[in-house]
Structures are given as C-alpha cells and as structure tokens.
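Letters A, B, ... are given to chains in the order of the sequence lines, protein chains preceding strands, and every chain is numbered from 1.
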Amino acid sequence: MPELPEVESVARSLRPRLVGRRVVAIEVSGLSLRRPIERERLERALAGAKAEGVRRVGKYLLIDFSTGNVLLVHLGMSGRLLFARPGEARAPHTHAVFRLSGGLELRYVDPRRFGVLRAYSAGELERSPELSVLGIDPLAPDFSVAQLIAMLASARRDLKGFLLDQSRLAGLGNIYACEALFLAGLGPRRRTHRVGAAAAARLFGAIREVLEAGIRNRGTSFSDYVDAEGDQGSNQNTLAVYGREGEPCRVCGRKIRRVVQGARSTFYCPGCQK
DNA sequence: GCATTACCCTGAAAGC
DNA sequence: TGCTTTCAGGGTAATG
C-alpha cells in the first residue's frame with residue numbers, strides 16, 4: 001500500500017537509472033486503471049523526451065522530461081514501477097511499458113488497477129484534477145506546528161479522518177496515520193478542534209517521525225510494495241499498532257484494538273491513546 | 001461541512 | 001482438496 005514513504009522510496013530508486021535516458025517507445029495494455037491510460041497522449045508528451053528528474057508530491061510520483069512535460073503516476077493500492085531488460089518476461093497485469101534508451105524498460109504493473117498514469121504539460125500539471133486538490137505535504141519545509149494547529153481548529157471531524165484527507169495533508173495513508181496517532185498518544189476518534197496546542201505539537205512531531213522512519217526503512221512491504229529495483233522495505237517490522245489487532249502494546253501491554261472508520265480499519269492502543 | 005456508503009479491482013485468506 | 005466468500009484499501013461520487 002504505497003503511502004508517502006513508499007512513493008518517496010520508489011522515486012529514490014528510480015533516479016539513478018532513469019534520469020538521462022530517453023523514451024524510445026511506449027506500449028499500454030488497453031485495460032483501464034482508475035482512469036484510462038491514454039496512449040496517444042503519453043506518446044505525444046513523452047516520445048523521444050529525456051527524463052530529467054523524479055519528484056514526489058503527496059502520494060504522487062512525477063517524472064520530469066526535457067520537453068517540459070511530466071509523467072504523473074499514482075500507485076494506487078498495488079501499483080509498481082519496475083526496471084526490466086527488454087527480453088525479460090512481463091509480469092501479469094503489466095499495463096504500460098516505457099522502452100528507454102540504453103536497453104532498459106520501465107514497466108508499470110498494477111493488479112488491482114487503482115493507479116493513475118497520465119502525462120501533463122508543465123502548465124497543466126498544477127491545474128490537474130490530481131494535484132490541484134492536494135493539501136500540504138507533511139514533509140514540506142514550510143509545514144509548521146502553527147499550520148497544523150490552524151488546520152485542526154478549522155476542521156470538525158475525527159483525527160483519523162482528518163489525517164487521511166489528502167486535501168489537507170497529502171501523503172498519509174492508513175498505516176502511517178494509525179502509527180502517527182499512536183506515537184502522539186491521541187485516540188483516532190478525538191475531534192480535531194478539541195486537540196490542544198501541546199497535543200497538536202506532539203502530533204506534528206509524530207507525523208514527521210513515522211514518515212521519516214518509513215523512508216529510512218525504505219517503505220512498508222506488507223503484500224505488494226517493492227521499489228523500482230524490486231526490493232522490499234523493512235518498515236513493516238517496526239509498526240506499533242497497524243495490523244496488530246489483539247497483540248499486546250509494546251508500551252503498556254494492553255491489547256491493540258481495531259475499529260472501522262470510514263470503511264478503513266483503524267488500529268490503536270486503548271491504554272496509550274486518549 | 002462532514003459522515004457514511006458504494007464502487008472500482010484482484011489476490012490472499014478464511015470459511016465451508 | 002476445492003470451491004465460494006470475505007477482506008484489504010486510495011480516491012471519487014452519491015446520499016444523508
């Protein structure tokens with residue numbers, strides 16, 4: 001389940017071999033992802049263009065090309081971007097293949113087809129339906145405690161739903177939202193406007209800490225996630241609450257609970273989180 | 001404005 | 001063993 005740390009890890013694993021290569025040809029499966037892959041649009045924007053950089057915004061991956069055009073990728077639930085040699089057998093559910101200069105391919109594989117793959121011109125990107133609705137990236141240098149306090153005060157909802165709302169904070173998903181709330185000692189059902197300044201500061205630190213740890217561990221590999229070189233992350237070994245229903249809290253020993261909020265599982269410790 | 005629900009999709013796991 | 005059902009979840013849209 002790619003969230004911010006997984007997407008960041010994919011971006012980092014793409015750069016060394018992708019930057020500097022040109023797109024020689026593009027093939028697509030014809031099957032629709034969350035939205036259809038428009039082959040002609042990709043062709044127009046990317047054919048012959050040289051990859052110049054790889055960025056991340058929230059859970060979106062952006063590959064910048066010499067033409068000024070950008071390939072926007074969302075990995076959805078099960079999306080992978082993988083390097084491969086042209087002769088290598090293609091994995092099932094390979095939806096796009098970018099043949100690159102120097103005898104390398106970049107393949108997009110996505111069994112559950114929740115991902116997005118779309119090309120934009122530099123001017124269109126900011127106004128795209130994907131990026132135009134995003135809130136602030138929690139690792140952005142200008143994100144501050146004061147900003148989080150203001151956001152919490154203006155929202156009137158439960159903390160877990162707030163953290164998952166990409167129009168406020170862009171990048172947290174179910175795993176890191178649960179972990180951040182545990183680390184901050186805050187219950188997932190707490191109302192945002194009832195979180196005081198001290199607790200908000202703890203939450204701010206916790207969000208950054210769980211995301212940075214996730215990046216250090218090169219992502220959480222529960223089922224599908226691997227980076228562009230096919231390597232798994234190790235962050236799943238460090239999780240305090242996510243996926244640990246019924247197991248003892250490592251801090252207080254009480255059993256981790258699971259509740260459903262907004263059709264998503266929330267894991268929390270009833271002893272440590274208030 | 002926010003909460004809830006359904007939907008898209010496949011594969012793994014659980015249940016029978 | 002083998003089939004069927006359930007569950008996982010990011011984002012979006014419809015509904016209350």
Legend entry - Where protein sits on nucleotides 6-11 of chain C, one letter per nucleotide: B base, S sugar-phosphate only, - none, heavy atoms under 4.0 Å: --BBBB

Inset, instruction - For A:Asn217 and A:Gly219, indicate whether the former's side chain and the latter's backbone hold a donor-acceptor pair under 3.5 Å. - result: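 Checked: no pair found.
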
Legend entry - Donor-acceptor contact below 3.5 Å, side chain A:Gln236 vs main chain A:Gly233: yes

Inset, instruction - Report the end-to-end axis angle of the helix from B:dC2-C:dG16 to B:dC16-C:dG2; each axis comes from five terminal pairs, and the value is rounded to 10°. - result: 60°

Restricting to pairs with a member in [range], which pass salt bridge (Lys or Arg N to Asp or Glu O under 4.0 Å), not counting sequence neighbours?
| range | answer |
| --- | --- |
| residues 50-60 of chain A | A:Glu8-A:Arg56, A:Arg55-A:Asp64, A:Arg56-A:Asp137 |
| residues 22-35 of chain A | A:Glu27-A:Arg90, A:Arg35-A:Glu130 |
| residues 91-100 of chain A | none |

Inset, instruction - For A:Arg35, report the nucleic acid contact type (base, sugar-phosphate, nothing); a contact means any heavy atom under 4.0 Å. - result: nothing

Inset, instruction - For A:Asp110, report the nucleic acid contact type (base, sugar-phosphate, nothing); a contact means any heavy atom under 4.0 Å. - result: nothing

Legend entry - Contacts of A:Ser78 that satisfy side-chain hydrogen bond (donor to acceptor under 3.5 Å, both in side chains) - sequence neighbours left out: A:Asp110

Is the closest side-chain donor-acceptor distance between [X] and [Y] under 3.5 Å?
| X | Y | result |
| --- | --- | --- |
| A:Tyr242 | A:Arg244 | no |
| A:Glu6 | A:Tyr176 | yes |
| A:Asn235 | A:Thr238 | yes |

Inset, instruction - List for me each residue that meets ring-ring contact (aromatic ring centres under 6.0 Å, His included) alongside A:Phe143, sequence neighbours excluded, and say none if there are none. - result: A:Phe204

Legend entry - ring pair (Phe, Tyr, Trp, His ring centres under 6.0 Å): pairs with one or both residues in residues 77-103 of chain A, sequence neighbours excluded: none

Legend entry - Contact list for residues 25-75 of chain A, test ring pair (Phe, Tyr, Trp, His ring centres under 6.0 Å), sequence neighbours left out: A:Tyr60-A:His74

Legend entry - Heavy-atom contact window of chain A on DNA chain B, given 5' to 3' at under 4.0 Å: B:dC2 to B:dG11

Legend entry - Residue-level proximity of residues 88-97 of chain A to DNA chain C when a heavy atom falls under 4.0 Å: none

Please output the side-chain donor-acceptor pairs of residues 263-272 of chain A that fall under 3.5 Å, not counting sequence neighbours, one pair per line with the distance.
from     : atom 1 : to       : atom 2 : distance (Å)
A:Ser265 : OG     : A:Arg258 : NH1    : 2.7
A:Thr266 : OG1    : A:Lys160 : NZ     : 2.7
A:Thr266 : OG1    : A:Gln261 : OE1    : 2.7

